[in-house]
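Quick caveat, the model's predicted, so the values are computed rather than measured.
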Amino acid sequence: SKNPDIKPWILVSWLKCSTRLAEEKRGTESLIGAIKAFEPNKSFLVSGPWKNRLREQMLAARFQLLDIIMKNHSQKEEAWNQINALLAIGDLLDNEQSAKIYMWAGELAQGQTQLKAALNFYEKSLAERETRAAREKYNAVLFTLDKTKVTAPEASSGRADLLSEAEGKF
């Protein structure tokens with residue numbers, strides 16, 4: 001094109017407008033469209049006069065979309081797509097943003113009963129930033145995993161396994 005600065009400007013404007021529409025609860029279609037239009041133009045994040053504003057808007061759009069998806073418990077595949085895209089640019093994220101992404105990943109994994117994966121994501125979230133919500137979710141998954149191990153049929157095959165030697169003598 002004749003003016004190379006126009007495409008990043010259009011993407012910034014599109015992302016900004018789509019984020020506003022989503023905030024006004026007008027759906028996520030425009031937001032998803034703007035994010036998808038950005039995908040083939042990732043090089044704009046590296047150089048050019050629009051790189052900082054584009055990064056800011058792209059991160060805001062992805063976080064807005066994930067927030068809506070997680071609150072509505074919908075579009076799980078899209079949520080994983082956004083989480084993976086954000087983790088791929090981890091060096092652009094601060095600790096709070098990384099912690100939030102890992103917490104969302106933990107919630108998704110837990111909702112899909114992938115408890116070991118959920119535990120791993122919650123650990124990563126807590127390593128980035130300690131929050132009460134992440135700690136509670138982490139402890140709940142730990143409890144569930146331990147409870148599952150204890151109540152497994154192999155673990156309690158008989159009365160002798162449950163009593164200590166001293167208790168068995170009485």
Side-chain angles (χ1 to χ4, degrees), residues 1-112 114-141:
S1 77
K2 293 179 182 179
N3 189 347
D5 291 340
I6 198 124
K7 195 167 190 176
W9 174 77
I10 291 169
L11 287 171
V12 166
S13 298
W14 191 0
L15 287 164
K16 191 173 188 173
C17 290
S18 297
T19 302
R20 275 201 200 127
L21 286 172
E23 285 172 1
E24 294 171 3
K25 299 182 184 344
R26 294 191 188 179
T28 58
E29 297 80 21
S30 179
L31 200 52
I32 292 170
I35 291 169
K36 285 183 178 173
F38 165 78
E39 287 302 316
N41 300 291
K42 289 180 183 177
S43 63
F44 294 142
L45 290 178
V46 180
S47 64
W50 289 94
K51 71 178 182 183
N52 292 335
R53 296 230 8 234
L54 191 53
R55 273 186 206 163
E56 181 183 304
Q57 288 303 317
M58 184 271 303
L59 287 173
R62 288 189 190 278
F63 273 90
Q64 179 75 25
L65 180 58
L66 269 167
D67 191 48
I68 291 167
I69 289 171
M70 296 306 292
K71 284 179 181 169
N72 295 333
H73 306 287
S74 64
Q75 298 174 302
K76 302 289 190 239
E77 187 176 333
E78 185 63 39
W80 281 118
N81 290 340
Q82 296 306 316
I83 287 169
N84 289 328
L86 284 165
L87 291 176
I89 55 163
D91 56 330
L92 298 177
L93 305 172
D94 62 28
N95 288 12
E96 187 171 333
Q97 291 170 324
S98 294
K100 184 75 171 168
I101 293 164
Y102 285 125
M103 181 136 146
W104 279 329
E107 290 172 1
L108 284 171
Q110 189 174 359
Q112 296 170 340
Q114 298 173 355
L115 298 182
K116 288 183 181 179
L119 192 66
N120 182 40
F121 286 127
Y122 290 139
E123 285 172 353
K124 288 180 179 184
S125 177
L126 291 166
E128 292 291 333
R129 182 168 183 255
E130 180 75 33
T131 64
R132 182 177 178 179
R135 179 61 63 190
E136 287 173 355
K137 289 173 187 285
Y138 174 79
N139 288 339
V141 171

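- No more than 12 heavy-atom neighbours from other residues, nucleotides or ligands sit within 6.0 angstrom of CH2 on Trp9.
- Distance alone, capped at 3.5 Å, places no donor-acceptor pair between the Thr28 side chain and the Leu31 backbone.
- Rounding to the nearest 0.5 Å places CG of Leu108 at 8.0 Å from CG of Leu66.
- A donor-acceptor contact shorter than 3.5 Å is absent between the side chain of Asp67 and the backbone of Phe63.
- Evaluation of the side-chain contact (heavy atoms from CB on, under 4.5 Å) rule for Ile10 yields Ile6 as partners, not counting sequence neighbours.
- Using a 4.5 Å heavy-atom threshold, the side chains of Tyr122 and Arg135 count as separate.
- Arg62 is listed as a side-chain neighbour of Phe38, based on a closest heavy-atom distance under 4.5 Å.
- Of the possible donor and acceptor atoms, none in the side chain of Tyr102 sits under 3.5 Å from a partner among the backbone N and O of Asn120.
- For Glu77, the CD atom sits in a loose shell: 12 or fewer heavy atoms of surrounding residues, nucleotides or ligands are nearer than 6.0 Å.
- Evaluation of the side-chain contact (heavy atoms from CB on, under 4.5 Å) rule for Arg26 yields Leu21, Glu24 as partners, not counting sequence neighbours.
- Surrounding CD of Glu96 are at most 12 heavy atoms belonging to other residues, nucleotides or ligands under 6.0 Å away.
- Not one N or O on the side chain of Ser125 forms a donor-acceptor pair closer than 3.5 Å with the backbone of Phe121.
- Open room surrounds CZ on Arg53; 12 or fewer heavy atoms of other groups in view lie less than 6.0 Å from it.
- Using a 4.0 Å cut-off between a side-chain N of Lys or Arg and a carboxylate O of Asp or Glu, Glu136 and Arg132 qualify as a salt bridge.
- Note that CE of Met70 and CD of Glu107 are 4.5 Å apart. Values are rounded to the nearest 0.5 Å.
- When atom types are taken as modelled, the side chain of Glu39 and the backbone of Lys36 share no donor-acceptor pair closer than 3.5 angstrom.
- Counting only heavy atoms from C-beta outward, the side chains of Glu128 and Leu93 never approach each other to under 4.5 Å.
- From Leu11, atom CG reaches atom CG of Asn41 across 5.5 Å, with rounding to the nearest 0.5 Å.
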